[in-house]
Engineer: 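One structure is given below, represented as structure tokens, and several questions about it will come after.
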Number of protein chains: 2
Amino acid sequence: MSTAKTFGDSRRPYHHGDLRRAILTAALDVIAADGPSGLSLRDLARRAGVSHAAPAHHFKDRTGLLTVIAAEGFGLLAGAIGEAADLKDAGVRYVRFAREHPAHFQVMFAPELLREGDLELATARALATDALRHAVSAVPPEGRGADARLAGVAAWSLAHGFATLLLGHNLDGAVGERDPEEVFRVLASMLFRVAAD
Amino acid sequence: MSTAKTFGDSRRPYHHGDLRRAILTAALDVIAADGPSGLSLRDLARRAGVSHAAPAHHFKDRTGLLTVIAAEGFGLLAGAIGEAADLKDAGVRYVRFAREHPAHFQVMFAPELLREGDLELATARALATDALRHAVSAVPPEGRGADARLAGVAAWSLAHGFATLLLGHNLDGAVGERDPEEVFRVLASMLFRVAAD
DNA sequence: TTCCATAACTTGACACTGACAAGATTGCAC
DNA sequence: GTGCAATCTTGTCAGTGTCAAGTTATGGAA
């Protein structure tokens, strides 16, 4: 009933309660700070106050943990892009997602760290690409040149490159004090002049 | 005189001869195949047929090895972009560089794996950014909107995003059988209509 | 309420890794 | 030739991922 499962002593309960989420959030912190290479399951276990083998029960592997994070990321991204008004807005939301969820973003595009066959990952990724495809289809044909598919590739490349360079601090000088989203709006306008501002 | 320094026996010589380069190329192979996370100094030592601590003498660290690779990459990239005729060509060369040197490319933009204070890295990176800046300045003002700096950011973002997504096999479906460089040319044309083909 | 199947977690072990220290071997300048 | 510095080896340590086997709690059926 009370918070302490065991008698009123100082020992922590045998069951953590929400270890899975605790490890996930700790992992996101570590990745955002030091990248996926700085991640250690044993370190996450220590942060959560559990034994070194506890994480394996929830995620099987280091790869399993990262795969869950990637799938979660694609789900979040799909939700964000799904609400976009037009393609430029989708790009802005893509950049916003990368800035708000840098750990997810990094892991999502590090295929060598993921269990590529994972079902949840595949479905979440499909959701995100569908959302992108839908945003592309909303652009009037005269605004996107001959090939609609290439317009999508262009938009994705621009947003992805901008987000990646931003997270890697490669644009600190160029962006300066300006809001990165506003800067990206300018770039997007260069790409699709029809759907301007 | 002969290739075998020691008597005609089967034992390898104490000195490798070109261990530094041997380890570098082995590292590039591993990274291209499995990413930087798949890199192990001991594995590289085994491939080169030397003891496990030999690599440390040439690169100090795992970080040191990766920093050398990144610096080499920026040097190669600067050389490639420096020969570009215009900004679109610079973008094409950027994409070509990423495809021809995927290991370099990955490491160059993984700052958490690098010794950021390293001098050779800083100078090589400065060379590359200068080459990019120069390519941007060659675009006529009416072709690049108000801010020249933003035109550079747009071009860099587009090329970087396209290259990154390409290496991650995120564009396999969209590019199909076409030559990626030709596809990128189309994307670049969308960005800068003035400097069209 | 009792009981038990199962989920959640621990303990222990093994092979592997990066890093450091100290010693052995070799080439090269003088 | 001789000495010195660069190159490479051997040995060791702490840290990591992963597996196997045991311990503890939980939830539902009887």
Side-chain angles (χ1 to χ4, degrees), chain A residues 1-24 26-27 30-31 34-69 107 110 112-115, chain B residues 1-24 26-27 30-31 34-69 107 110 112-115:
Chain A
M1 302 290 182
S2 73
T3 57
K5 307 280 178 62
T6 53
F7 314 148
D9 67 358
S10 63
R11 225 170 322 181
R12 59 187 166 74
Y14 196 93
H15 283 58
H16 179 281
D18 196 9
L19 181 58
R20 183 184 160 95
R21 197 66 238 176
I23 288 183
L24 275 175
V30 172
I31 295 172
D34 299 339
S37 59
L39 197 71
S40 151
L41 291 183
R42 289 175 110 103
D43 177 49
L44 297 179
R46 270 184 300 250
R47 291 178 185 236
V50 295
S51 80
H52 66 257
H57 190 269
H58 291 275
F59 303 101
K60 181 87 178 172
D61 259 340
R62 211 183 103 102
T63 303
L65 169 59
L66 292 169
T67 301
V68 167
I69 290 176
V107 174
E112 68 274 4
L113 301 179
L114 306 178
R115 188 121 42 215
Chain B
M1 302 284 184
S2 71
T3 56
K5 308 281 178 63
T6 53
F7 313 148
D9 69 357
S10 62
R11 227 168 323 178
R12 60 188 167 73
Y14 195 93
H15 283 57
H16 180 281
D18 196 9
L19 181 58
R20 183 184 159 94
R21 196 67 239 175
I23 288 183
L24 275 174
V30 172
I31 295 172
D34 301 338
S37 59
L39 196 71
S40 151
L41 290 182
R42 290 176 110 103
D43 176 51
L44 297 179
R46 271 184 301 250
R47 292 179 186 234
V50 294
S51 80
H52 66 256
H57 190 270
H58 292 275
F59 303 101
K60 180 90 178 172
D61 259 340
R62 212 183 102 104
T63 303
L65 169 59
L66 292 169
T67 301
V68 168
I69 290 177
V107 174
E112 68 274 4
L113 301 179
L114 307 178
R115 189 119 42 214

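Reminder, nothing fancy here: chain letters follow the sequence lines and each chain counts from 1.
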Engineer: B/Leu39 near the nucleic acid: base, sugar-phosphate alone, or nothing, with a heavy-atom cut-off under 4.0 Å?
Structural biologist: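 Sugar-phosphate, backbone atoms only, no base.
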Engineer: Should A/Asp34 and B/Glu112 count as side-chain neighbours, where that means a heavy-atom distance under 4.5 Å?
Structural biologist: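 They are not in side-chain contact.
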Engineer: With respect to the phosphate group of D/dG17, does any side-chain polar atom (N or O) of A/Ser40 fall under 4.0 Å of OP1 or OP2?
Structural biologist: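 For D/dG17, OP1 or OP2 has a side-chain N or O of A/Ser40 closer than 4.0 Å.
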Engineer: Listed by chain and number, what are the side-chain hydrogen bond (donor to acceptor under 3.5 Å, both in side chains) partners of B/Arg115, not counting sequence neighbours?
Structural biologist: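 Here the qualifying residues are B/Asp61.
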Engineer: Starting at atom CG of A/Asp18, determine the distance to atom P of C/dA8, rounded to an integer number of angstrom.
Structural biologist: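 To the nearest whole Å, that distance equals 11 Å.
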Engineer: Looking only at non-hydrogen atoms, find the nearest pair between B/Pro36 and B/Leu113 and report the distance.
Structural biologist: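 In terms of heavy atoms, the two residues are closest at CB-CD1, 3.6 Å.
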Engineer: Looking at C/dA8, C/dA19, D/dT9, which one has an atom nearest to any side-chain atom of B/Ala54?
Structural biologist: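 Of the options given, the side chain of B/Ala54 lies nearest D/dT9.
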Engineer: Starting at CG of B/Leu41 and ending at C1' of D/dT16, how long is that distance when rounded to a whole Å?
Structural biologist: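 The answer, rounded to whole Å, is 15 Å.
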Engineer: Decide side-chain contact (heavy atoms from CB on, under 4.5 Å) for A/Arg47 and A/Val30; before the verdict, give the C-alpha distance in whole Å, the side-chain angles of both, and the deciding distance to 0.1 Å.
Structural biologist: CA-CA 11 Å; A/Arg47 291 178 185 236; A/Val30 172; 3.5 Å; yes
Engineer: Using atom CG of A/Asp61 as one end and atom C1' of D/dT16 as the other, report the distance to the nearest whole Å.
Structural biologist: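 Distance check: A/Asp61 CG to D/dT16 C1' gives 13 Å.
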Engineer: Please report, rounded to the nearest Å, how far the C1' atom of D/dG17 is from the CG atom of A/Leu113.
Structural biologist: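 The answer, rounded to whole Å, is 14 Å.
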Engineer: Can you tell me the distance, in whole Å, between the CZ atom of B/Phe59 and the P atom of D/dA6?
Structural biologist: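 In whole Å, D/dA6 P and B/Phe59 CZ are 17 Å from each other.
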Engineer: Just compare C/dT11, D/dT9, C/dA8 and give me whichever is closest to any side-chain atom of B/Ala53.
Structural biologist: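 Of all the options, the side chain of B/Ala53 is nearest to D/dT9.
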Engineer: Consider the side chain of B/Leu19, meaning its heavy atoms from C-beta on, and name the nucleotide among D/dC8, D/dG17, C/dT10 that approaches it most closely.
Structural biologist: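 The nucleotide sitting nearest to the side chain is D/dC8.
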Engineer: In this structure, how many angstroms lie between the P atom of C/dG18 and the CG atom of B/Leu44, rounded?
Structural biologist: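 Rounded to whole Å, this separation is 8 Å.
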Engineer: Can you find a donor-acceptor pair, distance only, under 3.5 Å between B/His52 side chain and D/dG11 base?
Structural biologist: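 Such a pair exists between side chain and base.
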Engineer: By the 4.0 Å heavy-atom rule, please label A/Arg46 as base, sugar-phosphate, or nothing.
Structural biologist: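 Counting heavy atoms under 4.0 Å across all strands, the contact made by A/Arg46 is with sugar-phosphate only.
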Engineer: Let me know the distance between NZ of B/Lys60 and C1' of C/dC20, rounded to the nearest Å.
Structural biologist: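 Whole-Å distance recorded here is 9 Å.
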Engineer: Can you spot which of A/Leu65, A/Leu66, A/Thr67 makes a side-chain contact (heavy atoms from CB on, under 4.5 Å) with A/Thr63?
Structural biologist: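 Testing A/Thr63 for a side-chain contact (heavy atoms from CB on, under 4.5 Å) against A/Leu65, A/Leu66, A/Thr67 leaves exactly one candidate, A/Thr67.
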Engineer: Using atom CD1 of B/Ile23 as one end and atom P of C/dG18 as the other, report the distance to the nearest whole Å.
Structural biologist: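 Spelled out: CD1 on B/Ile23 to P on C/dG18 is 12 Å.
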Engineer: Would you mind classifying the nucleic acid contact of B/Asp43 as base, sugar-phosphate or nothing, using non-hydrogen atoms under 4.0 angstrom?
Structural biologist: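 Nothing: the residue B/Asp43, judged by heavy atoms under 4.0 Å, touches no strand.
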Engineer: To the side chain of B/His57, which of D/dG17, D/dT7, C/dT10 is closest?
Structural biologist: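 In terms of side-chain proximity for B/His57, the closest of D/dG17, D/dT7, C/dT10 is D/dT7.
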Engineer: Quick check: any donor-acceptor pair below 3.5 Å linking the side-chain of A/Arg42 to the base of D/dG17?
Structural biologist: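 Under the 3.5 Å cut-off, the side chain and the base do form a donor-acceptor pair.
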